Amino acid sequence: MLIRALQDEGVEYIFGYPGGASLHIYDALFKQQEVEHILVRHEQGATHMADGYARATGKVGVVLVTSGPGATNAITGLATAYMDSIPMIVISGQVPTSVIGTDAFQETDMIGVSRPVVKHSFFINKAEEIPKAVKQAFYIASSGRPGPVVIDIPKDATEPTESYLYEYPDSVSIRSYNPRLEGNTRQVKKAVSAIKEAKQPIIYSGGGVIQGNATEELREFAQLTGAPVTNTLMGLGAMHGEDPQFVGMLGMHGTYEANCAMHYSDLIIAIGARFDDRVTNNPRKFCPHATIIHVDIDPASISKIVPVEIPIVGDCKLVLQELNRLLSANGAGVYPSSDHLDPWWSKINEWRTKHGLDHDQRHRQGRDGSLLPQQVVQAIYRKTQGDAFVTSDVGQHQMFAAQYYRFSKSRQWINSGGLGTMGFGFPAAMGVQFAYPDEIVVCITGEGSFMMNMQELSTCQQYRLPIKIVNINNRALGMVKQWQDMQYGGRLSHSTYTNALPNFAELIESFGHVGFTAKNLEELDEVVEEAFSDKHRDHLVFIDAHVDPDEHVYPMSVKGGSLLDMVLVKG
Amino acid sequence: MRTVIAVLLENEAGALSRVVGLFAQRNYNIESLTVAPTEDETMARLTVLTEGDDQKIEQITKHLNRLIEVVKVNVISEVAHIERELMLIKVRTDSESVRTEMKRTTDIFRGLIVDVTPNTYVIQLAGNTRKLLAFIRSIGEKHIIEVVRTGVSGIARGEQALRL
């Protein structure tokens with residue numbers, strides 16, 4: 001029943017790990033060819049792979065785990081997907097209904113444990129319920145504000161000796177769930193007049209534009225308004241990273257010009273962004289002069305942190321189309337021919353010249369001639385011509401990647417922004433590589449994050465995944481260390497490993513992959529050249545780049561301040 | 001601000017726990033909660049009594065609406081409405097004078113004595129929360145053995161209704 005439903009849903013891959021409660025399901029998997037199952041080494045890896053697959057393709061990622069520890073191991077992955085609104089389905093085996101509630105072997109109340117981190121969940125009482133539940137689960141996971149859905153199936157509901165009439169529903173309708181897609185016409189018109197009147201507008205777009213496939217519409221909107229565009233960490237790729245209208249990422253480690261432009265703007269057009277605390281800093285000091293237009297599919301995201309004057313509930317793509325239609329009809333200014341935003345742009349360009357990011361750091365040098373993390377990201381950017389899928393883990397390397405890899409397209413940049421899950425990047429890259437076997441997939445990670453899920457190196461060997469892993473190795477939990485350097489008088493409480501790190505290149509080789517080490521610019525150029533050469537097109541290559549451990553991520557916002565309050569350099 | 005929210009919910013296993021979970025997760029307060037099926041047994045009606053400023057109440061209703069099994073939400077304390085709560089209260093009635101006094105107070109509050117033993121009464125009283133608290137004050141705490149209250153149920157006055 002279950003596998004047929006998944007076939008009917010057009011599922012390509014299931015990422016999973018078998019166990020007692022899911023054995024019937026695995027037997028059904030064995031007997032078919034349509035859905036390919038990927039055997040992982042840890043259930044958390046499976047969830048991040050499905051998540052990476054979903055982020056890169058926009059399709060629903062599917063995970064299959066057993067009861068008990070299988071289910072609880074999936075929780076971090078569910079929470080990661082939930083925070084970033086990623087469509088995902090986790091199917092968990094459950095002990096037979098006859099023993100539920102008896103503390104049976106490998107029993108966990110999966111519905112209860114996962115409740116706060118799922119969009120919805122289904123418990124299957126009888127096999128007949130499976131097709132409808134699967135159909136609804138896919139619909140809920142992928143519509144409205146997407147999110148993960150759990151289907152918990154007791155073993156007796158997958159009993160192969162019983163047979164039922166299978167019927168897969170053509171469509172779903174859930175009377176209590178009807179996401180609103182079209183923006184309210186009056187509100188959209190109000191937004192247009194606000195846009196026309198604004199002298200210092202800024203477009204602030206987030207993950208919703210990526211998830212909602214509204215990149216083209218956003219770029220057109222930017223062109224029509226001539227306004228500067230900033231992207232959140234989750235929204236990078238919506239604007240081309242080298243587009244002159246793009247002012248970079250905003251927030252805690254955002255660019256100087258993006259944060260200044262936000263602060264001094266008179267109109268913020270927020271699209272598919274949620275005013276996260278890493279963006280707003282102190283909400284009471286947030287952008288004091290601005291009127292805010294907020295377009296979001298989730299009404300609960302609007303006015304949650306910052307009060308909004310013009311809320312528009314709806315799908316980013318549809319609302320942007322409507323805005324673009326009205327703007328072009330009204331003959332509003334088109335950048336750069338219209339000049340009404342010129343004074344605003346000259347201010348922004350001044351900020352950019354003064355403290356903008358330096359996109360060629362080869363002239364700099366780390367302590368004792370060592371590499372700098374920015375140089376590593378830039379080398380990868382140049383080598384891949386800004387065109388690779390890039391996943392990251394969490395910490396300094398994530399911020400360096402977000403700042404210095406200038407993304408050209410949507411879904412190209414994949415990271416755990418909301419939950420901040422270390423160990424996400426590597427398995428997520430695997431999910432991307434499964435979806436796009438011929439594309440270059442780079443995982444920019446740090447040694448701390450990488451060691452949280454490196455067991456999947458074995459999975460990569462089994463399925464021959466040619467991922468390129470770039471380990472920005474600073475021999476410390478870099479972001480923790482940075483905070484300790486800046487706010488705790490340099491007391492490095494448990495953020496270093498005192499020489500307990502492995503030789504990564506050798507470790508990688510022992511899994512049958514290719515490992516390199518680079519300690520200076522020369523070596524870096526050499527190994528990057530080789531890693532991305534045809535010779536290693538079919539190999540997983542790991543570059544262990546030893547960098548200066550004392551390098552910090554700048555700009556960094558000052559705690560409790562406004563967006564203007566940034567630390568720009570060390571000391 | 002004291003706020004009464006009415007929720008129409010799919011009458012399914014696990015649905016109520018999502019509502020309660022939401023309040024716990026987001027640090028919203030539940031002062032009282034009543035729930036029972038409606039005339040359409042596929043749906044249950046909840047009344048939640050909570051506390052918060054306008055912004056918080058707006059967030060609560062939005063998040064309630066986000067739950068898949070929630071059909072409709074209405075802040076009924078914003079409109080003309082009726083609130084009722086049922087209380088059963090067991091009191092010690094050791095002497096004739098106490099018995100008389102209890103009977104008299106119960107009558108004044110239009111309650112009913114629904115159980116009588118030589119030493120106790122169980123009094124049933126319906127009304128809004130203020131009336132129930134006034135009753136408790138009137139009979140005096142020293143006579144009370146136990147109090148059980150259902151929590152607030154509410155409905156809007158007039159034509160307005162929370163229906164599918």
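This structure is a prediction, so every number in the text was calculated from the model and none was measured.
- For chain A, the option among B/L67, B/L164, B/V70, B/N65 with the highest count of heavy-atom pairs below 4.5 Å is B/V70.
- There is no contact between A/N125 and chain B, counting heavy-atom distances below 4.5 Å.
- In this structure, the portions of A/S121 lying under 4.5 Å from any heavy atom of chain B include both its backbone and its side chain.
- In this structure, a donor-acceptor pair under 3.5 Å is present between the side chains of A/S92 and A/D152.
- Taking every heavy atom of both residues into account, A/I312 and A/N184 meet most closely at CG2-N, 4.4 Å.
- Closest of all the heavy-atom pairs between A/R274 and A/G418 is NH2-CA, 3.9 Å.
- Contacts between B/L9 and chain A at a heavy-atom distance below 4.5 Å are absent for every atom of the residue.
- The contact between B/E10 and chain A is made entirely by side chain atoms (from C-beta outward), counting heavy-atom distances below 4.5 Å.
- With 3.5 Å as the limit, one finds a donor-acceptor pair spanning the side chains of A/E9 and A/Y168.
- Proximity to chain A involves both the backbone and the side chain of B/R18, based on heavy atoms less than 4.5 angstrom apart.
- Scored by the side-chain hydrogen bond (donor to acceptor under 3.5 Å, both in side chains) test, A/N281 finds no partners at all (sequence neighbours excluded).
- Of the listed residues B/T61, B/I68, B/L22, B/V71, the one with more heavy-atom pairs under 4.5 angstrom with chain A than any other is B/I68.
- Chain A forms more heavy-atom pairs under 4.5 Å with one residue of B/E69, B/K72, B/H63, B/E58 than with any other, namely B/E69.
- Donor-acceptor pairing under 3.5 Å is recorded for the side chains of B/T117 and B/T120.
- Most heavy-atom pairs under 4.5 Å with chain A, from the set B/K56, B/Q55, B/R66, B/E12: that is B/R66.
- Taking the six-membered ring where the residue is Trp, A/F275 and A/F286 present perpendicular rings, their angle passing 60° and hence far from 30°.
- Atoms CG and CD1, on B/L46 and B/I5 in that order, are 10.5 Å from each other to the nearest 0.5 Å.
- Using a 4.5 Å heavy-atom cut-off against chain A, no residue of residues 125-161 of chain B qualifies as contacting.
- Side-chain polar atoms of B/T106 and B/Y121 form no donor-acceptor pair below 3.5 angstrom.
- When only modelled atom types and interatomic distance are considered, A/D156 and A/T97 share a side-chain donor-acceptor pair under 3.5 Å.
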